[in-house]
Amino acid sequence: MRLSKSLIPTLKETPAEAQIVSHRLMLRAGMVRQMASGIYAWLPLGQRVLAKIAQIVREEQDAAGAEEVLMPTIQSADLWRESGRYDAYGKEMLRITDRHERELLFGPTNEEMITAIMRDSIKSYRELPQIPYHIQWKFRDEVRPRFGVLRGREFLMKDAYSFDLDREGAVVAYKKMMLAYMRTFQRIGITAIPMRADTGQIGGDLSHEFHVLAPTGESGVFYDAAFEAGDATSATDIEAFYEQMTTIYAATDEKHDLAAWDKIPAERKREGRGIEVGQIFYFGTKYSEAMNFAVTGPDGQKFFPEMGSYGIGVSRLVGAIIEAKHDEAGIIWPDAIAPFKAAILNLRQGDATTDALCEKIYASFGNEALYDDREERAGAKFAEADLLGHPWQIIIGPRGAVNGMVELKRRATGERFELPVEEALAKVRG
RNA sequence: CGGAGCGUAGCGCAGCCUGGUAGCGCAUCAGUCUGGGGGACUGGGGGUCGUGGGUUCGAAUCCCGCCGCUCCGACCA
(Lines give C-alpha, C1' and ligand atoms only; values in the text may rest on other atoms or scores of the structure.)
Protein backbone atom coordinates (compact mmCIF):
# COMPACT_ATOMS: atom_id res chain seq x y z
CA MET A 1 0.00 0.00 0.00
CA ARG A 2 1.06 3.55 -0.65
CA LEU A 3 0.55 5.62 2.45
CA SER A 4 -0.44 8.62 0.35
CA LYS A 5 -3.44 6.67 -0.97
CA SER A 6 -4.35 4.65 2.12
CA LEU A 7 -7.17 5.21 4.54
CA ILE A 8 -4.92 5.50 7.56
CA PRO A 9 -6.12 8.66 9.28
CA THR A 10 -3.52 9.11 11.99
CA LEU A 11 -3.93 11.69 14.71
CA LYS A 12 -1.29 13.78 16.39
CA GLU A 13 -3.52 14.50 19.31
CA THR A 14 -5.28 11.93 21.41
CA PRO A 15 -9.07 11.97 21.29
CA ALA A 16 -10.41 12.91 24.70
CA GLU A 17 -12.48 9.77 25.24
CA ALA A 18 -9.56 7.35 25.13
CA GLN A 19 -8.13 6.62 28.55
CA ILE A 20 -6.22 3.41 28.05
CA VAL A 21 -3.03 3.19 26.00
CA SER A 22 -4.22 0.61 23.44
CA HIS A 23 -7.36 2.64 22.77
CA ARG A 24 -5.33 5.83 22.34
CA LEU A 25 -2.87 4.16 20.02
CA MET A 26 -5.55 2.45 17.96
CA LEU A 27 -7.26 5.79 17.40
CA ARG A 28 -4.03 7.66 16.79
CA ALA A 29 -2.79 5.02 14.36
CA GLY A 30 -6.07 5.20 12.48
CA MET A 31 -6.89 1.52 13.06
CA VAL A 32 -10.46 2.00 14.22
CA ARG A 33 -13.16 4.62 14.47
CA GLN A 34 -15.84 4.52 17.10
CA MET A 35 -19.31 4.48 15.56
CA ALA A 36 -21.35 4.22 18.78
CA SER A 37 -20.61 3.32 22.37
CA GLY A 38 -18.65 0.06 22.28
CA ILE A 39 -19.02 -0.30 18.50
CA TYR A 40 -16.10 0.23 16.15
CA ALA A 41 -15.42 0.41 12.45
CA TRP A 42 -12.14 -1.24 11.52
CA LEU A 43 -10.08 0.74 9.05
CA PRO A 44 -7.44 -0.90 6.82
CA LEU A 45 -4.66 -1.08 9.40
CA GLY A 46 -6.95 -2.56 12.05
CA GLN A 47 -8.63 -4.89 9.61
CA ARG A 48 -5.27 -6.27 8.51
CA VAL A 49 -4.29 -7.11 12.07
CA LEU A 50 -7.67 -8.65 12.74
CA ALA A 51 -7.33 -10.79 9.64
CA LYS A 52 -3.82 -11.92 10.55
CA ILE A 53 -4.82 -12.91 14.04
CA ALA A 54 -7.88 -14.71 12.71
CA GLN A 55 -5.72 -16.62 10.26
CA ILE A 56 -3.38 -17.92 12.98
CA VAL A 57 -6.37 -18.84 15.12
CA ARG A 58 -7.87 -20.65 12.13
CA GLU A 59 -4.70 -22.59 11.37
CA GLU A 60 -4.38 -23.78 14.94
CA GLN A 61 -8.03 -24.72 15.22
CA ASP A 62 -7.76 -26.70 12.02
CA ALA A 63 -4.59 -28.37 13.30
CA ALA A 64 -6.45 -29.40 16.45
CA GLY A 65 -9.04 -31.15 14.33
CA ALA A 66 -11.72 -28.48 14.47
CA GLU A 67 -13.69 -27.59 11.37
CA GLU A 68 -14.68 -24.10 10.33
CA VAL A 69 -18.30 -23.13 9.79
CA LEU A 70 -20.03 -19.76 9.74
CA MET A 71 -23.17 -19.19 11.73
CA PRO A 72 -25.31 -16.04 11.49
CA THR A 73 -25.13 -13.12 13.88
CA ILE A 74 -28.91 -12.99 14.20
CA GLN A 75 -30.62 -15.84 16.01
CA SER A 76 -34.17 -16.82 16.82
CA ALA A 77 -35.43 -16.34 20.37
CA ASP A 78 -37.06 -19.77 20.20
CA LEU A 79 -33.65 -21.40 20.12
CA TRP A 80 -32.77 -19.73 23.37
CA ARG A 81 -36.06 -20.63 24.97
CA GLU A 82 -35.12 -24.27 24.45
CA SER A 83 -32.06 -23.95 26.65
CA GLY A 84 -33.84 -21.67 29.07
CA ARG A 85 -31.28 -18.91 28.53
CA TYR A 86 -33.61 -16.49 26.75
CA ASP A 87 -34.85 -15.22 30.06
CA ALA A 88 -31.70 -16.02 32.03
CA TYR A 89 -29.34 -13.98 29.86
CA GLY A 90 -30.88 -10.67 30.84
CA LYS A 91 -30.18 -7.24 29.44
CA GLU A 92 -26.79 -8.16 28.03
CA MET A 93 -28.64 -9.77 25.15
CA LEU A 94 -29.65 -7.43 22.36
CA ARG A 95 -33.18 -8.38 21.48
CA ILE A 96 -34.68 -7.51 18.12
CA THR A 97 -38.19 -7.73 16.69
CA ASP A 98 -38.66 -8.13 12.96
CA ARG A 99 -41.52 -6.85 10.78
CA HIS A 100 -43.62 -9.91 11.56
CA GLU A 101 -43.20 -9.31 15.28
CA ARG A 102 -40.94 -12.35 15.51
CA GLU A 103 -38.44 -12.20 18.32
CA LEU A 104 -34.82 -12.32 17.30
CA LEU A 105 -31.55 -11.52 18.97
CA PHE A 106 -28.00 -10.59 18.03
CA GLY A 107 -26.02 -13.61 19.21
CA PRO A 108 -23.80 -13.13 22.26
CA THR A 109 -22.56 -16.73 21.85
CA ASN A 110 -23.63 -19.82 19.91
CA GLU A 111 -24.11 -22.87 22.13
CA GLU A 112 -27.81 -23.09 21.34
CA MET A 113 -27.41 -22.61 17.63
CA ILE A 114 -24.60 -25.09 17.15
CA THR A 115 -26.43 -27.64 19.27
CA ALA A 116 -29.51 -27.24 17.09
CA ILE A 117 -27.40 -27.68 13.97
CA MET A 118 -25.77 -30.81 15.33
CA ARG A 119 -29.14 -32.13 16.47
CA ASP A 120 -30.36 -31.94 12.90
CA SER A 121 -27.24 -33.47 11.44
CA ILE A 122 -25.67 -36.00 13.77
CA LYS A 123 -27.56 -39.20 14.47
CA SER A 124 -24.92 -41.78 15.36
CA TYR A 125 -22.00 -42.00 17.76
CA ARG A 126 -19.97 -43.00 14.69
CA GLU A 127 -20.11 -39.36 13.56
CA LEU A 128 -18.51 -38.15 16.77
CA PRO A 129 -16.36 -36.46 17.86
CA GLN A 130 -16.97 -33.14 16.14
CA ILE A 131 -15.50 -29.71 16.82
CA PRO A 132 -17.16 -27.07 14.66
CA TYR A 133 -15.95 -23.51 15.12
CA HIS A 134 -16.48 -20.14 13.53
CA ILE A 135 -15.06 -16.64 13.70
CA GLN A 136 -17.99 -14.28 13.84
CA TRP A 137 -19.15 -11.01 15.34
CA LYS A 138 -20.92 -11.20 18.66
CA PHE A 139 -22.90 -8.60 20.52
CA ARG A 140 -23.17 -8.25 24.27
CA ASP A 141 -24.92 -5.16 25.49
CA GLU A 142 -22.40 -4.33 28.19
CA VAL A 143 -23.58 -2.00 30.91
CA ARG A 144 -20.48 0.07 30.52
CA PRO A 145 -18.40 -0.41 27.40
CA ARG A 146 -14.88 0.96 27.85
CA PHE A 147 -11.21 0.59 27.04
CA GLY A 148 -11.86 0.67 23.29
CA VAL A 149 -11.96 -2.78 21.73
CA LEU A 150 -11.03 -4.42 25.03
CA ARG A 151 -14.58 -4.10 26.21
CA GLY A 152 -16.69 -3.30 23.22
CA ARG A 153 -20.27 -4.38 22.79
CA GLU A 154 -19.71 -5.77 19.31
CA PHE A 155 -16.63 -7.95 19.12
CA LEU A 156 -15.09 -10.61 16.91
CA MET A 157 -14.80 -13.99 18.56
CA LYS A 158 -13.63 -17.42 17.58
CA ASP A 159 -15.92 -19.91 19.23
CA ALA A 160 -15.54 -23.66 18.96
CA TYR A 161 -17.84 -26.34 20.33
CA SER A 162 -16.87 -29.94 20.98
CA PHE A 163 -19.25 -32.89 20.86
CA ASP A 164 -18.10 -36.23 22.22
CA LEU A 165 -19.36 -39.66 23.04
CA ASP A 166 -18.41 -39.48 26.67
CA ARG A 167 -16.68 -37.44 29.30
CA GLU A 168 -13.33 -38.99 28.49
CA GLY A 169 -13.63 -37.87 24.88
CA ALA A 170 -14.71 -34.40 25.93
CA VAL A 171 -11.68 -34.06 28.16
CA VAL A 172 -9.46 -35.04 25.25
CA ALA A 173 -11.06 -32.26 23.20
CA TYR A 174 -10.51 -29.88 26.10
CA LYS A 175 -6.83 -30.76 26.27
CA LYS A 176 -6.42 -30.38 22.50
CA MET A 177 -7.91 -26.92 22.72
CA MET A 178 -5.65 -26.02 25.61
CA LEU A 179 -2.68 -26.87 23.42
CA ALA A 180 -4.16 -25.13 20.37
CA TYR A 181 -4.68 -21.99 22.44
CA MET A 182 -1.17 -21.94 23.81
CA ARG A 183 0.22 -22.49 20.32
CA THR A 184 -1.99 -19.71 18.97
CA PHE A 185 -0.88 -17.14 21.53
CA GLN A 186 2.74 -18.13 21.17
CA ARG A 187 2.60 -17.78 17.39
CA ILE A 188 0.95 -14.40 17.72
CA GLY A 189 3.91 -13.35 19.81
CA ILE A 190 2.45 -12.77 23.24
CA THR A 191 2.65 -14.49 26.60
CA ALA A 192 -0.66 -15.92 27.71
CA ILE A 193 -1.19 -17.99 30.80
CA PRO A 194 -4.04 -20.44 31.45
CA MET A 195 -5.73 -20.04 34.79
CA ARG A 196 -8.44 -22.05 36.47
CA ALA A 197 -11.69 -20.18 36.14
CA ASP A 198 -15.32 -20.00 37.11
CA THR A 199 -17.74 -21.12 34.47
CA GLY A 200 -20.19 -18.21 34.74
CA GLN A 201 -23.14 -18.00 32.36
CA ILE A 202 -22.10 -20.97 30.28
CA GLY A 203 -22.11 -23.45 33.15
CA GLY A 204 -20.00 -26.55 33.65
CA ASP A 205 -17.29 -27.84 35.90
CA LEU A 206 -13.96 -27.44 34.12
CA SER A 207 -12.72 -24.16 32.75
CA HIS A 208 -9.60 -22.13 32.13
CA GLU A 209 -9.15 -18.48 31.27
CA PHE A 210 -6.19 -17.32 29.20
CA HIS A 211 -4.64 -14.07 30.30
CA VAL A 212 -2.24 -11.95 28.30
CA LEU A 213 0.28 -10.30 30.55
CA ALA A 214 0.11 -6.53 30.28
CA PRO A 215 0.68 -3.85 32.89
CA THR A 216 -2.76 -2.36 32.28
CA GLY A 217 -4.70 -5.62 32.60
CA GLU A 218 -7.98 -5.68 34.48
CA SER A 219 -7.13 -8.66 36.67
CA GLY A 220 -4.24 -9.22 38.99
CA VAL A 221 -2.45 -12.45 38.16
CA PHE A 222 -0.02 -14.62 40.10
CA TYR A 223 1.99 -17.31 38.40
CA ASP A 224 5.05 -19.48 38.54
CA ALA A 225 7.88 -18.37 36.24
CA ALA A 226 7.96 -21.93 34.93
CA PHE A 227 5.29 -20.78 32.45
CA GLU A 228 7.78 -18.53 30.73
CA ALA A 229 9.89 -21.51 29.72
CA GLY A 230 7.04 -23.42 28.07
CA ASP A 231 7.08 -23.99 24.32
CA ALA A 232 3.68 -25.01 23.02
CA THR A 233 4.66 -25.04 19.36
CA SER A 234 7.10 -27.88 19.92
CA ALA A 235 4.95 -29.86 22.37
CA THR A 236 4.25 -33.32 21.01
CA ASP A 237 2.65 -35.06 23.95
CA ILE A 238 -0.73 -33.52 24.69
CA GLU A 239 -1.13 -35.31 28.01
CA ALA A 240 2.23 -34.16 29.28
CA PHE A 241 1.59 -30.65 28.04
CA TYR A 242 -1.79 -30.44 29.70
CA GLU A 243 -0.38 -31.86 32.89
CA GLN A 244 2.29 -29.18 32.85
CA MET A 245 -0.15 -26.34 32.11
CA THR A 246 -2.50 -27.35 34.88
CA THR A 247 -0.01 -28.11 37.62
CA ILE A 248 2.20 -25.05 37.41
CA TYR A 249 0.70 -22.44 39.66
CA ALA A 250 -1.31 -19.64 38.05
CA ALA A 251 -4.31 -17.76 39.38
CA THR A 252 -6.15 -14.51 39.04
CA ASP A 253 -6.56 -12.46 42.19
CA GLU A 254 -10.08 -13.87 42.61
CA LYS A 255 -8.80 -17.42 42.87
CA HIS A 256 -5.42 -16.74 44.40
CA ASP A 257 -4.43 -19.44 46.90
CA LEU A 258 -1.92 -18.07 49.37
CA ALA A 259 -1.01 -21.50 50.74
CA ALA A 260 -0.09 -22.83 47.31
CA TRP A 261 1.62 -19.57 46.40
CA ASP A 262 3.88 -19.75 49.44
CA LYS A 263 5.25 -23.11 48.30
CA ILE A 264 6.70 -21.54 45.15
CA PRO A 265 10.34 -20.45 45.51
CA ALA A 266 10.50 -16.67 45.75
CA GLU A 267 12.66 -16.29 42.63
CA ARG A 268 9.97 -17.98 40.55
CA LYS A 269 7.05 -15.95 41.83
CA ARG A 270 5.60 -13.58 39.27
CA GLU A 271 2.90 -11.03 39.93
CA GLY A 272 1.37 -8.90 37.25
CA ARG A 273 -1.75 -7.82 35.45
CA GLY A 274 -3.63 -9.81 32.86
CA ILE A 275 -6.20 -9.28 30.13
CA GLU A 276 -8.49 -12.21 29.49
CA VAL A 277 -8.37 -13.13 25.81
CA GLY A 278 -9.83 -16.60 25.85
CA GLN A 279 -11.70 -19.12 27.91
CA ILE A 280 -12.40 -22.80 27.52
CA PHE A 281 -15.18 -24.82 29.19
CA TYR A 282 -16.23 -28.39 29.60
CA PHE A 283 -19.89 -28.50 30.57
CA GLY A 284 -21.07 -32.05 29.87
CA THR A 285 -24.59 -32.51 28.63
CA LYS A 286 -26.00 -29.19 29.82
CA TYR A 287 -27.05 -28.07 26.35
CA SER A 288 -27.42 -31.40 24.55
CA GLU A 289 -29.85 -32.45 27.23
CA ALA A 290 -31.75 -29.17 27.45
CA MET A 291 -32.12 -29.09 23.68
CA ASN A 292 -32.72 -32.79 23.31
CA PHE A 293 -29.74 -33.48 21.10
CA ALA A 294 -29.56 -37.27 21.45
CA VAL A 295 -27.47 -39.64 19.39
CA THR A 296 -27.64 -43.40 19.04
CA GLY A 297 -24.75 -45.10 20.88
CA PRO A 298 -22.88 -48.33 20.20
CA ASP A 299 -25.41 -50.18 22.34
CA GLY A 300 -28.32 -48.91 20.31
CA GLN A 301 -29.42 -46.62 23.12
CA LYS A 302 -29.74 -42.84 22.81
CA PHE A 303 -27.31 -40.67 24.74
CA PHE A 304 -26.60 -36.98 25.06
CA PRO A 305 -23.19 -35.94 23.68
CA GLU A 306 -20.71 -34.38 26.06
CA MET A 307 -19.92 -30.80 25.12
CA GLY A 308 -17.37 -28.10 25.63
CA SER A 309 -16.98 -24.59 24.26
CA TYR A 310 -13.85 -22.63 23.50
CA GLY A 311 -13.62 -18.90 22.87
CA ILE A 312 -10.91 -16.51 21.78
CA GLY A 313 -11.64 -12.79 21.70
CA VAL A 314 -10.07 -11.94 18.35
CA SER A 315 -10.85 -8.22 18.37
CA ARG A 316 -9.98 -7.98 22.05
CA LEU A 317 -6.62 -9.55 21.25
CA VAL A 318 -5.76 -6.57 19.07
CA GLY A 319 -6.10 -4.28 22.07
CA ALA A 320 -4.40 -6.73 24.41
CA ILE A 321 -1.39 -7.08 22.12
CA ILE A 322 -0.98 -3.32 21.99
CA GLU A 323 -1.25 -3.12 25.77
CA ALA A 324 1.59 -5.62 25.96
CA LYS A 325 3.66 -4.28 23.05
CA HIS A 326 4.12 -0.55 22.83
CA ASP A 327 6.39 2.27 23.92
CA GLU A 328 6.25 6.05 24.13
CA ALA A 329 6.37 6.43 20.36
CA GLY A 330 3.65 3.96 19.47
CA ILE A 331 2.79 0.36 18.74
CA ILE A 332 5.38 -2.41 18.42
CA TRP A 333 3.73 -5.19 16.43
CA PRO A 334 4.95 -8.74 16.80
CA ASP A 335 6.11 -9.91 13.35
CA ALA A 336 3.42 -12.55 12.93
CA ILE A 337 0.46 -10.20 13.10
CA ALA A 338 1.90 -6.86 12.02
CA PRO A 339 -0.33 -5.19 9.43
CA PHE A 340 2.74 -4.76 7.24
CA LYS A 341 6.13 -6.44 7.43
CA ALA A 342 7.85 -3.15 6.86
CA ALA A 343 7.43 0.52 6.14
CA ILE A 344 9.44 1.97 3.26
CA LEU A 345 10.41 5.52 4.14
CA ASN A 346 11.33 7.71 1.21
CA LEU A 347 13.25 10.56 2.82
CA ARG A 348 13.52 12.61 -0.33
CA GLN A 349 10.34 12.41 -2.30
CA GLY A 350 11.03 13.79 -5.75
CA ASP A 351 14.70 12.80 -5.93
CA ALA A 352 14.87 10.54 -9.00
CA THR A 353 17.35 8.02 -7.61
CA THR A 354 15.61 7.76 -4.24
CA ASP A 355 12.17 7.47 -5.81
CA ALA A 356 13.33 4.75 -8.17
CA LEU A 357 14.93 2.68 -5.44
CA CYS A 358 11.86 3.02 -3.24
CA GLU A 359 9.58 1.95 -6.06
CA LYS A 360 11.76 -1.07 -6.74
CA ILE A 361 11.75 -2.15 -3.11
CA TYR A 362 8.04 -1.50 -2.80
CA ALA A 363 7.30 -3.62 -5.85
CA SER A 364 9.24 -6.53 -4.37
CA PHE A 365 6.99 -6.57 -1.29
CA GLY A 366 3.67 -6.11 -3.02
CA ASN A 367 0.98 -5.70 -0.46
CA GLU A 368 3.16 -6.58 2.51
CA ALA A 369 4.88 -3.25 2.85
CA LEU A 370 3.56 0.23 3.44
CA TYR A 371 5.34 2.77 1.24
CA ASP A 372 5.48 6.22 2.80
CA ASP A 373 5.50 8.22 -0.41
CA ARG A 374 4.04 11.37 1.11
CA GLU A 375 5.54 14.82 0.70
CA GLU A 376 6.67 14.94 4.29
CA ARG A 377 9.90 15.63 6.03
CA ALA A 378 12.00 12.82 7.41
CA GLY A 379 10.98 13.46 11.00
CA ALA A 380 7.30 13.18 10.23
CA LYS A 381 7.86 9.88 8.44
CA PHE A 382 9.90 8.44 11.30
CA ALA A 383 7.29 9.46 13.83
CA GLU A 384 4.49 8.00 11.78
CA ALA A 385 6.30 4.71 11.21
CA ASP A 386 7.05 4.39 14.92
CA LEU A 387 3.42 5.11 15.76
CA LEU A 388 2.09 2.51 13.32
CA GLY A 389 4.57 0.00 14.73
CA HIS A 390 5.86 -1.82 11.65
CA PRO A 391 8.46 -4.42 12.72
CA TRP A 392 10.95 -2.98 10.22
CA GLN A 393 11.56 0.42 8.70
CA ILE A 394 13.43 0.51 5.43
CA ILE A 395 14.85 4.00 5.31
CA ILE A 396 15.95 5.32 1.96
CA GLY A 397 17.68 8.63 1.51
CA PRO A 398 19.51 10.20 -1.43
CA ARG A 399 22.99 9.63 -0.01
CA GLY A 400 22.57 5.87 0.38
CA ALA A 401 20.41 5.44 -2.70
CA VAL A 402 23.16 6.36 -5.15
CA ASN A 403 25.27 3.52 -3.70
CA GLY A 404 22.40 1.08 -3.41
CA MET A 405 22.48 1.29 0.37
CA VAL A 406 19.53 1.56 2.70
CA GLU A 407 19.11 1.82 6.42
CA LEU A 408 17.10 -0.74 8.28
CA LYS A 409 15.54 -0.06 11.65
CA ARG A 410 14.10 -2.70 13.91
CA ARG A 411 11.13 -1.16 15.71
CA ALA A 412 11.23 -3.39 18.77
CA THR A 413 14.87 -2.77 19.67
CA GLY A 414 15.68 0.45 17.87
CA GLU A 415 18.69 -1.25 16.22
CA ARG A 416 19.81 0.26 12.91
CA PHE A 417 21.75 -1.36 10.07
CA GLU A 418 23.34 0.20 6.98
CA LEU A 419 23.00 -2.48 4.32
CA PRO A 420 23.01 -3.08 0.59
CA VAL A 421 19.44 -3.34 -0.66
CA GLU A 422 19.34 -7.10 -1.16
CA GLU A 423 20.76 -7.84 2.26
CA ALA A 424 18.28 -5.53 3.88
CA LEU A 425 15.35 -7.12 2.10
CA ALA A 426 16.55 -10.60 3.04
CA LYS A 427 16.72 -9.54 6.67
CA VAL A 428 13.19 -8.15 6.60
CA ARG A 429 11.87 -11.31 5.00
CA GLY A 430 13.56 -13.28 7.74
C1' C B 1 -27.67 -0.07 37.43
C1' G B 2 -25.94 3.93 41.28
C1' G B 3 -22.71 8.46 41.18
C1' A B 4 -20.10 12.49 38.32
C1' G B 5 -19.23 15.08 33.90
C1' C B 6 -19.04 16.49 28.73
C1' G B 7 -21.31 17.76 23.61
C1' U B 8 -18.50 24.70 19.94
C1' A B 9 -14.36 23.24 12.47
C1' G B 10 -11.46 16.53 11.12
C1' C B 11 -8.66 16.40 16.32
C1' G B 12 -7.45 19.06 21.05
C1' C B 13 -9.63 23.15 23.41
C1' A B 14 -11.19 28.59 24.85
C1' G B 15 -15.63 31.53 24.85
C1' C B 16 -20.81 30.41 28.82
C1' C B 17 -20.29 32.71 35.22
C1' U B 18 -21.76 38.64 33.78
C1' G B 19 -26.64 37.41 26.71
C1' G B 20 -24.66 41.66 21.70
C1' U B 21 -19.68 40.33 14.91
C1' A B 22 -17.88 32.43 16.94
C1' G B 23 -12.14 32.18 18.40
C1' C B 24 -7.03 29.58 19.26
C1' G B 25 -3.53 25.39 18.30
C1' C B 26 -2.98 21.12 15.26
C1' A B 27 -4.72 19.04 10.74
C1' U B 28 -6.26 20.53 5.65
C1' C B 29 -5.64 23.49 0.61
C1' A B 30 -2.27 26.89 -2.58
C1' G B 31 2.61 28.82 -2.93
C1' U B 32 7.86 29.72 -1.50
C1' C B 33 11.85 28.06 1.17
C1' U B 34 13.60 23.72 3.69
C1' G B 35 15.21 18.52 3.54
C1' G B 36 17.62 12.34 8.63
C1' G B 37 13.20 12.69 14.23
C1' G B 38 6.06 15.58 13.60
C1' G B 39 10.35 22.53 9.98
C1' A B 40 9.41 27.95 8.63
C1' C B 41 6.86 31.85 6.18
C1' U B 42 2.65 33.90 3.22
C1' G B 43 -2.26 33.32 1.79
C1' G B 44 -6.98 30.45 1.79
C1' G B 45 -11.15 27.05 2.96
C1' G B 46 -13.97 24.85 6.70
C1' G B 47 -19.22 25.96 12.08
C1' U B 48 -27.53 24.83 11.58
C1' C B 49 -22.25 26.01 18.71
C1' G B 50 -25.82 17.80 19.81
C1' U B 51 -31.26 18.48 19.39
C1' G B 52 -36.35 20.45 20.43
C1' G B 53 -38.79 24.07 23.08
C1' G B 54 -38.88 28.46 26.36
C1' U B 55 -37.22 33.51 28.25
C1' U B 56 -35.38 37.97 25.59
C1' C B 57 -35.16 43.36 21.03
C1' G B 58 -31.17 39.69 20.75
C1' A B 59 -29.12 32.97 23.07
C1' A B 60 -23.03 29.08 22.05
C1' U B 61 -24.06 31.81 26.70
C1' C B 62 -29.99 31.74 30.92
C1' C B 63 -34.27 27.84 31.84
C1' C B 64 -36.75 22.96 30.66
C1' G B 65 -37.09 18.36 27.89
C1' C B 66 -34.71 14.83 24.77
C1' C B 67 -30.47 12.45 22.36
C1' G B 68 -25.40 11.09 22.30
C1' C B 69 -20.72 10.25 24.60
C1' U B 70 -17.16 9.74 28.66
C1' C B 71 -15.36 8.82 33.59
C1' C B 72 -15.74 6.36 38.82
C1' G B 73 -18.15 2.13 41.20
C1' A B 74 -21.00 -2.84 41.07
C1' C B 75 -21.06 -6.73 36.60
C1' C B 76 -18.35 -9.22 32.06
C1' A B 77 -15.16 -12.98 25.49
Side-chain angles (χ1 to χ4, degrees), chain A residues 9-20 23-24 27-28 30 33-39 57 89-93 107-111 135-160 181 192 197-202 207-212 218-219 252 254 274-281 309-320 328-330 345-351 354 372 374-388 393 395-401 406-407 409 414 416 418:
Chain A
T10 55
L11 305 170
K12 264 193 193 175
E13 283 167 295
T14 305
E17 74 268 16
Q19 296 298 309
I20 198 166
H23 191 195
R24 287 203 289 265
L27 291 170
R28 285 197 54 212
R33 277 293 164 93
Q34 183 172 333
M35 296 290 106
S37 179
I39 298 175
V57 168
Y89 217 94
K91 291 193 163 179
E92 294 239 317
M93 180 186 279
T109 177
N110 287 59
E111 281 82 7
I135 299 173
Q136 177 64 290
W137 293 92
K138 305 291 187 291
F139 195 96
R140 294 185 190 173
D141 199 358
E142 294 281 343
V143 199
R144 178 144 105 85
R146 62 187 127 164
F147 305 146
V149 300
L150 289 176
R151 182 169 306 291
R153 291 192 294 171
E154 188 182 50
F155 57 96
L156 188 61
M157 178 163 104
K158 184 285 299 180
D159 40 324
Y181 274 41
D198 286 323
T199 51
Q201 286 273 13
I202 309 237
S207 180
H208 284 86
E209 287 176 357
F210 296 78
H211 285 259
V212 168
E218 285 192 79
S219 337
T252 59
E254 293 164 351
I275 300 169
E276 188 188 342
V277 292
Q279 186 164 11
I280 59 180
F281 303 87
S309 78
Y310 314 89
I312 291 180
V314 176
S315 51
R316 174 180 279 188
L317 261 172
V318 178
E328 288 298 302
L345 308 189
N346 184 337
L347 297 195
R348 190 65 59 83
Q349 205 70 39
D351 174 78
T354 311
D372 191 342
R374 299 171 304 160
E375 267 302 335
E376 287 287 351
R377 296 168 59 96
K381 296 195 177 191
F382 290 136
E384 180 109 339
D386 286 347
L387 172 64
L388 301 189
Q393 294 170 19
I395 300 160
I396 300 141
R399 287 197 292 276
V406 301
E407 184 178 332
K409 177 183 163 186
R416 290 160 182 275
E418 280 279 335

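We name chains A, B, ... by the order of the sequence lines, and we start the count at 1 in each one.
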Using purine N1 to pyrimidine N3 plus N6-O4 or O6-N4 for Watson-Crick, or N1-O2 and O6-N3 for G-U wobble, each under 3.5 Å, what pairs with rU32(B)?
-> rA40(B)
Side-chain donor-acceptor pair present, Q393(A), D386(A), cut-off under 3.5 Å = yes
Pairing partner of rC26(B), by Watson-Crick or G-U wobble and under 3.5 Å for both distances, is rG10(B)
Rounded to whole Å, CD of Q34(A) lies from P of rG68(B) at a distance of 13 Å
Considering only side-chain heavy atoms of R146(A), which listed nucleotide, rC75(B), rA77(B), rG38(B), is closest?
-> rC75(B)
Separation between the C1' atoms of rC62(B) and rG19(B), rounded to whole Å | 8 Å
Both distances under 3.5 Å, Watson-Crick or G-U wobble: report the partner of rG52(B), or none.
-> rC64(B)
Ignoring hydrogens and angles, answer whether the base of rU34(B) and the side-chain atoms of R377(A) contain a donor-acceptor pair closer than 3.5 Å.
-> yes
Rounded to whole angstrom units, what separation is found between the CG atom of N346(A) and the P atom of rG36(B)?
-> 13 Å
Spacing of the C1' atoms in rA30(B) and rC67(B) (rounded, Å) | 40 Å
Could you tell me whether the side chains of T252(A) and E209(A) share a donor-acceptor contact shorter than 3.5 Å?
-> no
When every non-hydrogen atom of L27(A) is compared with those of A18(A), the smallest separation belongs to CD1-CB, 3.8 Å
In Watson-Crick or G-U wobble terms, both distances under 3.5 Å, what is the partner of rG20(B)?
-> rC57(B)
Considering non-hydrogen atoms only, spot the tightest contact between P398(A) and D351(A) and give its length.
-> CB-OD2, 4.0 Å
rA77(B): pairing nucleotide in any strand, Watson-Crick or G-U under 3.5 angstrom = none
Between rC71(B) atom C1' and E218(A) atom CD, what is the distance in whole Å?
-> 14 Å
Using atom P of each nucleotide, how far apart are rA60(B) and rC66(B) to the nearest Å?
-> 23 Å
Residue met sooner reading RNA chain B from 5', once S37(A) and R28(A) are mapped to nucleotides = R28(A)
Taking only the side-chain heavy atoms of E13(A) (C-beta and beyond), determine which of rA77(B), rC26(B), rC1(B) contains the nearest atom.
-> rC26(B)
Partner nucleotide of rU70(B) by Watson-Crick or wobble geometry (both distances under 3.5 Å) | rA4(B)
Length of the CG-P vector between L388(A) and rG38(B), whole Å = 17 Å
In whole angstroms, the gap separating P of rC75(B) from CZ of R144(A) amounts to 13 Å
Determine the Euclidean distance between corresponding C1' atoms of rC71(B) and rA27(B); express it in Å to zero decimal places.
-> 27 Å
Tell me whether F155(A) is stacked on the nucleobase of rA77(B), counting only the six-membered base ring and applying the 5.5 Å and 30° thresholds.
-> yes
Taking the P atom of each, how far is rA40(B) from rA77(B), in whole Å?
-> 49 Å
Look at all strands and tell whether K409(A) reaches a base, only sugar-phosphate, or nothing, counting heavy atoms closer than 4.0 Å.
-> base
Say you pick atom P in rU61(B) and the same atom in rC16(B); how far apart are they, in whole Å?
-> 12 Å
Per nearest nucleotide of RNA chain B, the residue lying toward the 5' end, M35(A) or K381(A), is K381(A)
Taking R316(A) for the side chain and V149(A) for the main chain, is one N or O donor matched with an acceptor at less than 3.5 Å?
-> no
Mate of rG47(B) where both pairing distances stay under 3.5 Å, Watson-Crick or G-U | none
K381(A) and E376(A): which non-hydrogen atoms are nearest, and at how many Å?
-> CE-O, 3.6 Å
From the options rG38(B), rC69(B), rA77(B), select the nucleotide whose nearest atom is closest to the side chain of E276(A).
-> rA77(B)
For the base of rG36(B), is there a side-chain donor-acceptor partner from E407(A) under 3.5 Å away?
-> yes
P spacing across the pair rU34(B) / rG25(B), given as an integer number of angstrom | 26 Å
Integer-rounded Å distance: rC6(B) P and Q19(A) CD = 15 Å
Using the C1' atom as the reference point in each nucleotide, state the distance between rC29(B) and rG73(B) in Å, no decimals.
-> 48 Å
Rounded off to whole Å, could you give me the CZ-to-P distance for the R24(A) and rG12(B) pair?
-> 13 Å
Which of these nucleotides, rA77(B), rC13(B), rG38(B), is closest to any side-chain atom of A16(A)?
-> rC13(B)
Result for side-chain hydrogen bond (donor to acceptor under 3.5 Å, both in side chains) between Y181(A) and one of H208(A), K158(A), Q279(A) points to K158(A)
Could you check how far NZ of K12(A) sits from P of rC26(B), rounded to whole Å?
-> 8 Å
